[in-house]
Amino acid sequence: MFTLLKLACLATYALALASLAGLLPAGAFAYVRMIAAILLVLHTLELVFLFRHVRLYRGPLAISMILTLLFGLLHWKPLLDAKARDDAR
């Protein structure tokens, strides 16, 4: 399920970038740019307010921050769930 949602996020960003680059018909994907902008703003807020969960990533913090900006909840929620399972043992 998370994989499909992550692919949807990536598709939204790709379509928005293609639209901005003029690779798509004018105005055809203008709403996608707005959706991508809203996603980026929401994910930035998640990064700021849920940073303690973002830090649970076992790799470099910068990578976790980038993944949070791209996927938001889809990145940090599984990290939080794994921590909760580990703490319950």
Side-chain angles (χ1 to χ4, degrees):
M1 177 64 164
F2 277 169
T3 303
L4 289 176
L5 292 173
K6 285 182 178 182
L7 288 173
C9 283
L10 291 175
T12 301
Y13 298 138
L15 285 172
L17 287 173
S19 174
L20 286 172
L23 300 175
L24 300 174
F29 288 91
Y31 65 92
V32 175
R33 287 183 277 177
M34 182 59 72
I35 292 170
I38 290 169
L39 280 174
L40 286 174
V41 167
L42 290 174
H43 294 167
T44 301
L45 291 172
E46 284 179 296
L47 181 61
V48 170
F49 292 109
L50 298 166
F51 190 72
R52 66 185 180 276
H53 302 315
V54 174
R55 292 186 61 189
L56 295 173
Y57 186 67
R58 295 183 189 248
L61 180 59
I63 298 296
S64 186
M65 292 170 68
I66 290 169
L67 290 171
T68 301
L69 288 174
L70 287 175
F71 305 118
L73 172 81
L74 301 174
H75 170 65
W76 62 261
K77 180 67 169 126
L79 299 173
L80 183 62
D81 293 344
K83 183 182 183 313
R85 279 192 306 272
D86 289 346
D87 290 347
R89 290 183 191 179

> Do the non-hydrogen side-chain atoms of Glu46 and Phe51 ever get within less than 4.5 Å of each other?
Replying inline: no

> Is Leu56 reachable from Ile66 through a run of I, L, V, M, F, W or Y residues, each pair having side-chain heavy atoms under 4.5 Å apart?
Replying inline: yes

> For the hydrophobic clusters of this structure (ILVMFWY residues joined by side-chain heavy atoms under 4.5 Å, transitively), does one cluster hold both Leu67 and Leu45?
Replying inline: no

> side-chain hydrogen bond (donor to acceptor under 3.5 Å, both in side chains) with His53: which residues, sequence neighbours excluded?
Replying inline: none

> Atom CG in Leu69, atom SG in Cys9: separation rounded to 0.5 Å?
Replying inline: 11.5 Å

>> Quick one, Leu20 and Phe29 - any side-chain contact, counting heavy atoms below 4.5 Å?
In response: no

> Is the shortest distance from a Lys or Arg side-chain nitrogen in Arg85 or Asp81 to a carboxylate oxygen in the other one below 4.0 Å?
Replying inline: no

>> Can you list everything that forms a side-chain hydrogen bond (donor to acceptor under 3.5 Å, both in side chains) with Arg33? Sequence neighbours excluded, please.
In response: Ser19

> If every non-hydrogen atom of Pro78 is compared with every non-hydrogen atom of Leu73, which pair is closest and at what distance?
Replying inline: CD-O, 3.8 Å

> Same cluster for Leu50 and Leu5 if Ile/Leu/Val/Met/Phe/Trp/Tyr side chains link at under 4.5 Å?
Replying inline: yes

>> I'd like to know if Leu17 and Leu40 are part of one continuous hydrophobic network [Ile/Leu/Val/Met/Phe/Trp/Tyr, side-chain heavy atoms within less than 4.5 Å].
In response: no

> Under 4.5 Å between any side-chain heavy atoms of Leu70 and His43, yes or no?
Replying inline: no

>> Other members of the hydrophobic cluster containing Leu42, with the 4.5 Å side-chain heavy-atom rule, please.
In response: Met34, Ile38

> Taking only residues two or more places apart in sequence or in another chain, which ones pass side-chain hydrogen bond (donor to acceptor under 3.5 Å, both in side chains) with Thr12?
Replying inline: none

> When rounded to the nearest 0.5 angstrom, what is the spacing between OG1 in Thr68 and CZ in Phe71?
Replying inline: 10.0 Å

>> Holding to ring pair (Phe, Tyr, Trp, His ring centres under 6.0 Å), I want the full list of residues that pass it with Tyr57, two or more places apart in sequence or in another chain.
In response: His75

>> As an exercise, state the distance from NZ of Lys6 to CG of Leu4, rounded to the nearest 0.5 Å.
In response: 11.5 Å

>> For Asp87, give me all partners under side-chain hydrogen bond (donor to acceptor under 3.5 Å, both in side chains), at least two apart in sequence or on another chain.
In response: Lys83

> Taking all non-hydrogen atoms of both residues, which atom of Val54 and which atom of Ser64 are closest, and how far apart?
Replying inline: O-OG, 2.7 Å

